Amino acid sequence: MTTVPSVHIKLPNGVEYDQPTGLFIDNQFVASSSGKTFPVYSPSTEEKICDLQEADRDDVEIATQSAYKAFKKWSTVEPKVRATALLKLADLIEEEKETLKAIEALDNGKSLFCAGFDVGIVIDYIRSCAGYTNTIDGRTINTGDTHLSYTRREPLGVCGQIIPWNFPLLMWSWKIGPALATGNTVVLKPASATPLSALYAASLAVKAGIPPGVIQIVPGSGRKCGDAILRHPLIKKIAFTGSTAIGRDVMIAAAESNLKKVTLELGGKSPNIVFNDADLDTTVQHLIAGIFFNSGEVCCAGSRIYVQEGIYDKLLAKFKEEVEKLKVGNPFEEGVFQGAQTTPDQFESVLSYIEKGKAEGAKLLTGGNRIGNKGYFLEPTVFIDCDDDHTIVKEEIFGPVAAVCKFKYIDEVIERANNSEYGLASGIHTTDINKALDVSQRLEAGICWINTYNDLHHQVPFGGYKESGIGREMGSEALDNYTQIKAVRIKITRKNE
Ligand code: NAP
Ligand code: MG
């Protein structure tokens with residue numbers, strides 16, 4: 001394998017760094033077998049950042065063989081070896097926090113403010129994965145004195161991981177952290193739109209002492225490189241985050257190849273419910289965090305806002321006032337909350353949803369337009385007086401567009417909130433603890449935020465009900481995705497000699 005050099009990048013905020021451009025295989029940055037490269041763009045300027053080597057089927061083969069070879073040793077070392085490397089990796093990410101934030105702002109378009117949130121969780125999560133290495137225990141089972149029965153939790157082998165463009169480094173950590181903690185090795189494909197931080201973080205993994213072959217990063221197209229991962233016979237598990245449509249393809253490919261274990265983290269259209277007795281000022285801030293954080297490119301975004309009729313007018317007046325204060329623009333600029341949408345396709349798609357909202361009769365409270373003519377910037381947009389059958393209420397928009405509906409009764413709003421094929425997240429805003437607990441029990445969602453929103457914590461599991469996904473990430477629950485149980489039963493013979 002021929003190694004390829006990094007390119008030196010000067011970022012708008014003065015940070016300079018060396019961006020690896022090769023595929024990351026066996027702890028080296030190497031050229032693709034085909035010699036093909038692809039360009040990476042910055043969505044805030046629409047300018048090319050650099051070219052990267054492009055992985056396809058042959059490279060996935062090489063990467064998987066490398067991961068397969070490394071698995072034998074990595075899966076059997078003492079847990080403290082894995083813990084030491086993961087702790088060191090977290091330390092290095094912390095040391096390089098400013099660089100990583102800037103890479104995310106450059107490549108994804110998100111504001112430095114939002115990127116700081118991501119990198120903070122990445123550090124905490126990788127550290128907690130180091131701690132989990134010595135919790136991967138089985139149990140002894142009392143089956144009487146004739147046998148000793150116990151279980152072991154064993155790693156699965158080589159894990160394929162495919163991640164999206166909205167949280168490039170965060171998704172890298174949610175996939176790599178638990179896989180490595182439990183003794184697996186990985187072949188990870190970042191999204192073609194945002195591959196830079198995955199490669200840079202891989203260079204930190206080398207410095208952290210993670211052995212060759214444990215992590216492979218193969219940037220390339222979903223259709224070729226992604227599909228090769230989904231179908232490789234040596235890959236025993238696939239973890240995917242992205243659209244529901246490709247999530248279905250993942251299950252089909254797993255079924256058609258070797259019945260890989262599948263975990264999916266897919267889309268959402270999460271209800272964020274405001275009751276008459278909610279605290280107005282704090283609720284408005286949580287609604288903003290719910291839909292406009294990360295430019296609205298959040299699978300758990302609180303994009304369906306239900307407001308009870310008694311507070312409807314007052315809340316919307318305040319919501320409009322606060323939304324119009326949000327600073328949108330150059331992700332590197334101080335005070336900017338919302339950067340650029342990440343891809344031109346996504347940008348066009350959000351604009352077409354805004355047009356649909358208008359055409360179907362939803363009322364535009366604020367926003368609705370592109371900002372400037374360079375970079376994919378959008379005004380934070382709020383539609384009000386929406387009906388449940390409006391497209392913007394039913395479909396995931398994945399952008400800074402909120403759809404607000406009015407409701408009267410608790411039972412009514414629960415039924416409307418649950419009337420979706422999705423079930424990722426939900427929000428409740430009330431000062432009545434009884435109401436909050438009752439409603440939280442009745443919502444069909446993998447997470448329920450009460451008087452807060454998008455409030456992720458590395459120890460709290462995250463994942464979806466219904467078509468929002470399978471399995472949980474973060475928390476100790478994430479370890480279940482990466483281990484399998486072996487039961488051992490030993491016969492005990494009594495002898496009198
Ligand atoms: P996507 O197509 O599902 O892409 C996610 C990842 O899957 C990317 O790495 C992509 O590679 C890869 N991929 C695409 N087709 C594949 C295939 N046939 N086999 C294997 N891998 C494949 O998502 P998108 O098109 O980027 O976004 C579309 C919609 O998905 C968004 O509008 C949003 O609704 C949803 N989405 C959800 C999340 C989430 O966090 N749940 C994240 C992003 C998007 P390439 O990058 O090369 O295409
Ligand atoms: Mg990019």
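As a basis for the values below, the full set of heavy atoms in this structure was taken, side chains included, without hydrogen atoms, waters or symmetry mates. Every value quoted in this text rests on a predicted model; they were computed, and no experiment measured them.
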State, with a plain yes or no, whether a side-chain heavy atom of Cys50 is found less than 4.5 Å away from one of Leu196.
-> yes
So Thr135 and Leu479, side chain to side chain contact (heavy atoms under 4.5 Å, CB included) or not? Walk me through it.
-> CA-CA 10 Å; Thr135 68; Leu479 308 170; 4.0 Å; yes
Would you say Ser270 and Ser426 make side-chain contact, with heavy atoms under 4.5 Å?
-> no
Check the pair Lys374, Ser44 against side chain to side chain donor-acceptor pair (under 3.5 Å), reporting the backbone distance first and the verdict last.
-> CA-CA 7 Å; Lys374 192 98 182 142; Ser44 55; over 6 Å; no
Do Arg472 and Glu265 sit within salt-bridge range, that is, some charged N less than 4.0 Å from a carboxylate O?
-> no
Give the intermediate values and the outcome of side chain to side chain donor-acceptor pair (under 3.5 Å) for residues Asp59 and Ser33.
-> CA-CA 6 Å; Asp59 303 297; Ser33 317; 2.6 Å; yes
Between Glu46 and Tyr41, a side-chain donor and acceptor under 3.5 Å = no
What is the minimum heavy-atom distance between Ile470 and Val262, and which atoms define it?
-> CG2-O, 3.9 Å
In terms of heavy-atom contacts, does CG of Asp137 have more than 12 from other residues, nucleotides or ligands at under 6.0 Å?
-> yes
Show your reasoning for whether side chain to side chain contact (heavy atoms under 4.5 Å, CB included) applies to Asn166 and Phe398.
-> CA-CA 9 Å; Asn166 54 340; Phe398 223 65; 3.2 Å; yes
Counting only heavy atoms not in Glu16, do more than 12 sit closer than 6.0 Å to its CD atom?
-> yes
Distance from Leu112 atom CG to Asn13 atom CG, nearest 0.5 Å?
-> 5.5 Å
Which atom pair, heavy atoms only, marks the closest approach of Val401 to Ile291?
-> O-CD1, 3.5 Å
Verify, without hydrogens or angle tests, whether Ser6 (side chain) and Asp18 (backbone) share a donor-acceptor contact under 3.5 angstrom.
-> no
Can you check whether Ile397's main-chain N or O pairs, donor with acceptor, with Gln346's side chain at less than 3.5 Å?
-> yes
Do the non-hydrogen side-chain atoms of Trp74 and Pro211 ever get within less than 4.5 Å of each other?
-> yes
Under 4.5 Å between any side-chain heavy atoms of Asn451 and Ile428, yes or no?
-> no
Geometric cation-pi criterion Lys466 and Tyr422, 6.0 Å radius, 45° cone = no
Examine the side chains of Arg82 and Thr133 and answer whether a donor and an acceptor come within less than 3.5 Å of each other.
-> no
Donor-acceptor pair between Glu322 and Gln285 side chains, under 3.5 angstrom | yes
More than 12 heavy atoms from other groups under 6.0 Å of CE on Met251 | no
Should Leu11 and Phe332 count as side-chain neighbours, where that means a heavy-atom distance under 4.5 Å?
-> yes
Charged N to carboxylate O under 4.0 angstrom, Lys327 versus Glu333?
-> yes
For Lys175, does its backbone N or O pair with a side-chain atom of Gln161 as donor and acceptor, under 3.5 Å?
-> yes
Would you confirm whether Ser257, through its side chain, and Ala253, through its main-chain N or O, come within 3.5 Å as a donor-acceptor pair?
-> yes
Between Ala130 and Leu86 the two heavy atoms that sit nearest each other are CB-CB, 3.8 Å
Under a 4.5 Å cut-off applied to non-hydrogen side-chain atoms, are Leu378 and Ile371 in contact?
-> no
Distance only, no hydrogens: is a donor on one side chain within 3.5 Å (strictly under) of an acceptor on the other, for Asp26 and Ser66?
-> yes
Side chains of His8 and Gln19: donor-acceptor distance under 3.5 Å anywhere?
-> no
Which pair of non-hydrogen atoms, one from Val328 and one from Phe377, has the smallest distance, and what is that distance?
-> CG1-CD2, 4.3 Å
Ignoring hydrogens and angles, tell me if any N or O in the side chain of Ser468 forms a donor-acceptor pair with the backbone of Leu424 under 3.5 Å.
-> yes
Does Lys72 make a cation-pi contact with Tyr68, if we ask for NZ or CZ under 6.0 Å from the ring centre and within 45° of the axis?
-> yes
With a 3.5 Å cut-off and no angle check, do the side chains of Lys73 and Thr76 form a donor-acceptor pair?
-> no
Report the C-alpha separation of Leu188 and Ile176 in whole Å, then their side-chain angles, then the decisive distance to 0.1 Å, and conclude whether the side chain to side chain contact (heavy atoms under 4.5 Å, CB included) test is met.
-> CA-CA 8 Å; Leu188 180 144; Ile176 284 190; 4.0 Å; yes
Does Thr244 reach the side chain of Glu421, with side-chain heavy atoms less than 4.5 Å apart?
-> no
Run the side chain to side chain donor-acceptor pair (under 3.5 Å) check on Thr151 and Arg139 step by step: do they pass?
-> CA-CA 5 Å; Thr151 61; Arg139 62 189 179 106; 4.9 Å; no
Go through the steps for Glu395 and Lys269 under the test salt bridge (Lys or Arg N to Asp or Glu O under 4.0 Å), then give the verdict.
-> CA-CA 7 Å; Glu395 295 183 12; Lys269 189 74 191 177; over 6 Å; no
Do the side-chain N and O atoms of Glu96 and Tyr200 include a donor-acceptor pair separated by under 3.5 angstrom?
-> yes
Do Glu297 and Thr342 get their side chains close enough for a donor-acceptor pair, meaning under 3.5 Å?
-> yes
Measure across Pro178 and Cys129 and return the closest heavy-atom pair with its distance rounded to 0.1 Å.
-> N-SG, 3.6 Å
Between Thr263 and Lys237, do the side chains contain an N or O donor and an N or O acceptor separated by less than 3.5 Å?
-> yes
Output yes when a side-chain donor or acceptor of Ser32 lies under 3.5 Å from a complementary backbone atom of Lys36, and no otherwise.
-> yes
Salt-bridge contact Lys101-Asp118 (side-chain N to carboxylate O under 4.0 Å) = no
Is Asn27 reaching over with its side chain to a backbone N or O of Ile210, donor-acceptor style, under 3.5 angstrom?
-> yes
Does the separation of the ring centres of Phe167 and Trp172 fall below 6.0 angstrom?
-> no
Verify ring-ring contact (aromatic ring centres under 6.0 Å, His included) between Phe293 and Phe117, making sure each step is shown before the conclusion.
-> CA-CA 10 Å; Phe293 179 73; Phe117 168 89; 4.7 Å; yes
Carboxylate-amine/guanidinium proximity below 4.0 Å for Arg153 and Asp480 | yes
Given the side-chain rings of Phe292 and Phe337, with only the six-membered ring counted for Trp, is the space between their centroids under 6.0 Å?
-> no
Pair Glu467 + Arg248: basic N to acidic O under 4.0 Å = yes
Worked check of side chain to side chain contact (heavy atoms under 4.5 Å, CB included) between Phe38 and Asp51 | CA-CA 5 Å; Phe38 70 101; Asp51 289 301; over 6 Å; no
Distance-only side-chain donor-acceptor flag, Thr182 / Asn184, under 3.5 Å = yes
Thr241 side chain near Ile162 side chain, heavy-atom distance below 4.5 Å | no
Sub-3.5 Å donor-acceptor pair from the side chain of Ser243 to the main-chain atoms of Gly267, do we have one?
-> no
Which atom names give the shortest non-hydrogen contact between Ile450 and Ser440, and what distance separates them?
-> CD1-CB, 4.1 Å
Has the side chain of Glu54 got a donor or acceptor atom that lies under 3.5 Å from a matching backbone atom of Pro219?
-> no
Between the main-chain N or O of Lys110 and the side-chain N or O of Glu104, is there a donor-acceptor pair closer than 3.5 Å?
-> no
